Amino acid sequence: MRRVLATAAALGLAFTGLSVAAAPGAFAATESASAYGCPGSLVDTYNTPASGEVWGQLRLYYSSANGGTNCAVLLAKKYYGTTHYMEVGINISGSSDTKLDSGAYSQYAGPVTVTHTNGHCIDLGGGEDIGGLWAGRSVNRVHCG
């Protein structure tokens with residue numbers, strides 16, 4: 001229970017703007033989101049590091065449907081195939097309506113989706129906890145438009 005509270009608190013910081021937003025990762029607009037249940041195309045990726053290692057990768061997708069739809073998943077990398085706590089969240093910047101998926105997963109957490117995002121910025125975050133060790137990341141006010 002303590003581990004879940006710690007990771008939930010860490011992700012909560014992602015949406016309050018208290019954590020540092022890092023530069024986006026590689027862009028690969030041609031990847032299909034269908035494997036993860038997200039509509040649209042991949043628009044950005046963000047590594048989730050811990051102690052200099054990449055544990056996972058946040059992936060952000062966009063579709064023009066429903067006034068703009070953004071969708072996020074967190075893919076396990078280092079512990080792919082090992083069931084462990086993972087969480088991913090997304091919201092429109094400034095909104096308290098965060099869509100969150102968390103639980104014991106072996107490959108990815110999500111998808112989580114927000115609609116009517118045209119003209120707004122997105123906040124997203126995610127992380128993994130295994131054996132009391134946490135790797136996570138939050139990015140705020142990205143993909144505004």
Side-chain angles (χ1 to χ4, degrees), residues 1-66 68-93 95 97-117 120-145:
M1 179 65 171
R2 196 167 103 203
R3 182 181 327 148
V4 172
L5 291 175
T7 55
L11 183 59
L13 290 176
F15 300 110
T16 63
L18 295 177
S19 57
V20 177
F27 176 78
T30 58
E31 180 180 312
S32 168
S34 62
Y36 307 111
C38 284
S41 299
L42 181 67
V43 294
D44 226 330
T45 60
Y46 304 89
N47 289 332
T48 54
S51 301
E53 293 183 282
V54 173
W55 280 28
Q57 186 178 72
L58 284 165
R59 292 191 178 189
L60 180 65
Y61 297 87
Y62 175 79
S63 166
S64 61
N66 300 309
T69 299
N70 284 92
C71 182
V73 295
L74 173 65
L75 303 179
K77 296 285 187 181
K78 180 175 181 177
Y79 294 104
Y80 183 89
T82 301
T83 301
H84 60 290
Y85 181 82
M86 298 178 71
E87 62 184 29
V88 62
I90 189 171
N91 69 307
I92 294 174
S93 296
S95 168
D97 186 19
T98 300
K99 307 301 183 195
L100 180 69
D101 181 44
S102 63
Y105 301 113
S106 63
Q107 298 176 5
Y108 66 94
V112 289
T113 303
V114 290
T115 60
H116 304 291
T117 60
H120 300 282
C121 300
I122 301 301
D123 298 339
L124 70 145
E128 302 173 65
D129 184 322
I130 191 161
L133 300 174
W134 170 259
R137 182 160 187 187
S138 63
V139 288
N140 300 303
R141 302 196 54 77
V142 295
H143 293 282
C144 305

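Bear in mind that the values here come from a model prediction, so they are computed numbers and not experimental data.
A side chain to side chain contact (heavy atoms under 4.5 Å, CB included) with R59 is found for exactly one of V88, T45, V43, namely T45. Applying the side chain to side chain contact (heavy atoms under 4.5 Å, CB included) test between P39 and each of T69, N70, N66 identifies T69 as the sole match.
When all heavy atoms of C38 and P111 are compared, the closest pair comes out as SG-CB, 3.7 Å. Contact detail for L74 and G126: the closest heavy-atom pair is CD2-C, 4.1 Å. Annotation for G127 and W134: closest pair CA-CH2, 3.5 Å, computed over non-hydrogen atoms. In terms of heavy-atom proximity, G56 sits nearest to K77 at CA-CG, 3.7 Å. Looking at every heavy atom in both residues, T113 comes nearest to C71 through OG1-SG, 3.4 Å.
Here the OG1-CD1 distance, from T115 to I92, works out to 7.0 Å after rounding to the nearest 0.5 Å. H84 contributes atom NE2, which lies 8.5 Å from atom OG of S106 (distance to the nearest 0.5 angstrom). The distance from the CG atom of D123 to the CZ atom of R141 is 7.5 Å, given to the nearest 0.5 Å. Atoms CD and OH, on Q57 and Y80 in that order, are 13.0 Å from each other to the nearest 0.5 Å.
At least one side-chain heavy atom of I130 sits less than 4.5 Å from a side-chain heavy atom of W55. Considering only heavy atoms from C-beta on, D44 stays 4.5 Å or farther from V142 through its side chain. Two residues are said to be in side-chain contact when any heavy atoms from C-beta on lie closer than 4.5 Å; D97 and V114 fail this criterion. Side chains of Q107 and L75 form no contact here, defined as non-hydrogen atoms less than 4.5 Å apart.
Looking at D101, its side chain does come within 3.5 Å of a backbone N or O of G110 through a donor-acceptor pair. For R137 (side chain) and N47 (main-chain N/O), a donor-acceptor pair under 3.5 Å exists by modelled atom type. Here the side chain of T83 pairs no donor or acceptor atom with the backbone of A104 at under 3.5 angstrom.
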Quiz prompt | Derivation and outcome, side-chain contact (heavy atoms from CB on, under 4.5 Å), residues L100 and V112 | solution = CA-CA 6 Å; L100 180 69; V112 289; 5.6 Å; no
Quiz item: Going through the checks in order, is the side-chain contact (heavy atoms from CB on, under 4.5 Å) test met by L60 and I90?
Solution: CA-CA 9 Å; L60 180 65; I90 189 171; 3.8 Å; yes
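Aromatic ring pairs are classed by plane angle as parallel below 30°, tilted from 30° to 60° and perpendicular above 60°; the pair Y108 and Y36 is perpendicular.
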